Amino acid sequence: MGSNRRYAASIDARMDDRILERLASRGTLQSLTAEELGLDRAPVTTDPRPARVRAWVRFGPEPAIVEAELCMWTDRAAAIRFRIGGRERRCWVWSGAIVREDDHRSPGPVDNPAGLRRSAPG
């Protein structure tokens, strides 16, 4: 007997969704604080076509990797949005928690989370 390769990715995706739904139901999505972000001191770049990324997030004390869109960023942090169970979630994470979808390395620090142009100095 072999495995069903045709549906394996679909089954894996559904299992990942169920795990994320369970984590989200047990804890509040954590986001960086205003003090940590320092948006009054740092320029923010907004992308009209957000890049696909993977990001480490926390629901209460539990970490998880989610597939997300990178909406805005500073030199230290990134604003992402993602869906779990049909509900959109948004939060700010440290830029080191982001990796581009087309980068197959493990999530980890990157200099420019979007891999795009940097904000112009303000």
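The model shown is predicted, which means the values in this text are computed figures rather than measured ones.
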Kindly compute the distance separating [atom1] ([X]) from [atom2] ([Y]), expressed to the nearest 0.5 Å.
| X | Y | atom1 | atom2 | value |
| --- | --- | --- | --- | --- |
| I80 | R54 | CD1 | CZ | 12.5 Å |
| F59 | E21 | CZ | CD | 10.5 Å |
| I84 | L29 | CD1 | CG | 7.5 Å |
| L39 | M72 | CG | CE | 7.5 Å |
| W92 | L37 | CH2 | CG | 5.5 Å |
| F82 | L70 | CZ | CG | 13.0 Å |

**Request:** Only counting residues at least two apart or in another chain, list the ones meeting side chain to side chain contact (heavy atoms under 4.5 Å, CB included) with Q30.
**Result:**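 Only T28, R58 meet the side chain to side chain contact (heavy atoms under 4.5 Å, CB included) criterion with Q30.
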**Prompt:** Where do V93 and W56 land on the side chain to side chain contact (heavy atoms under 4.5 Å, CB included) test, with the steps shown first?
**Reply:** CA-CA 8 Å; V93 297; W56 282 101; over 6 Å; no
**Prompt:** What pairs with E36 under side-chain hydrogen bond (donor to acceptor under 3.5 Å, both in side chains), at least two apart in sequence or on another chain?
**Reply:**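 Partners of E36 by the side-chain hydrogen bond (donor to acceptor under 3.5 Å, both in side chains) criterion, ordered by chain and then number, come out as T33.
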**Asked** Looking at residues at least two apart in the chain, or sitting in another chain, which of them share a side-chain hydrogen bond (donor to acceptor under 3.5 Å, both in side chains) with R90?
**Response**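 If we apply the side-chain hydrogen bond (donor to acceptor under 3.5 Å, both in side chains) test to R90, skipping adjacent residues, the hits are E88.
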With a 4.5 Å heavy-atom cut-off, do [X] and [Y] have their side chains touching?
| X | Y | value |
| --- | --- | --- |
| R52 | E67 | yes |
| V53 | V99 | no |
| W73 | D47 | yes |

**Request:** List for me each residue that meets salt bridge (charged side-chain N to carboxylate O under 4.0 Å, His left out) alongside R81, sequence neighbours excluded, and say none if there are none.
**Result:**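 Expected list: E69.
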**Prompt:** If every non-hydrogen atom of P61 is compared with every non-hydrogen atom of P63, which pair is closest and at what distance?
**Reply:**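 Taking every non-hydrogen atom into account, O-CD, 3.4 Å.
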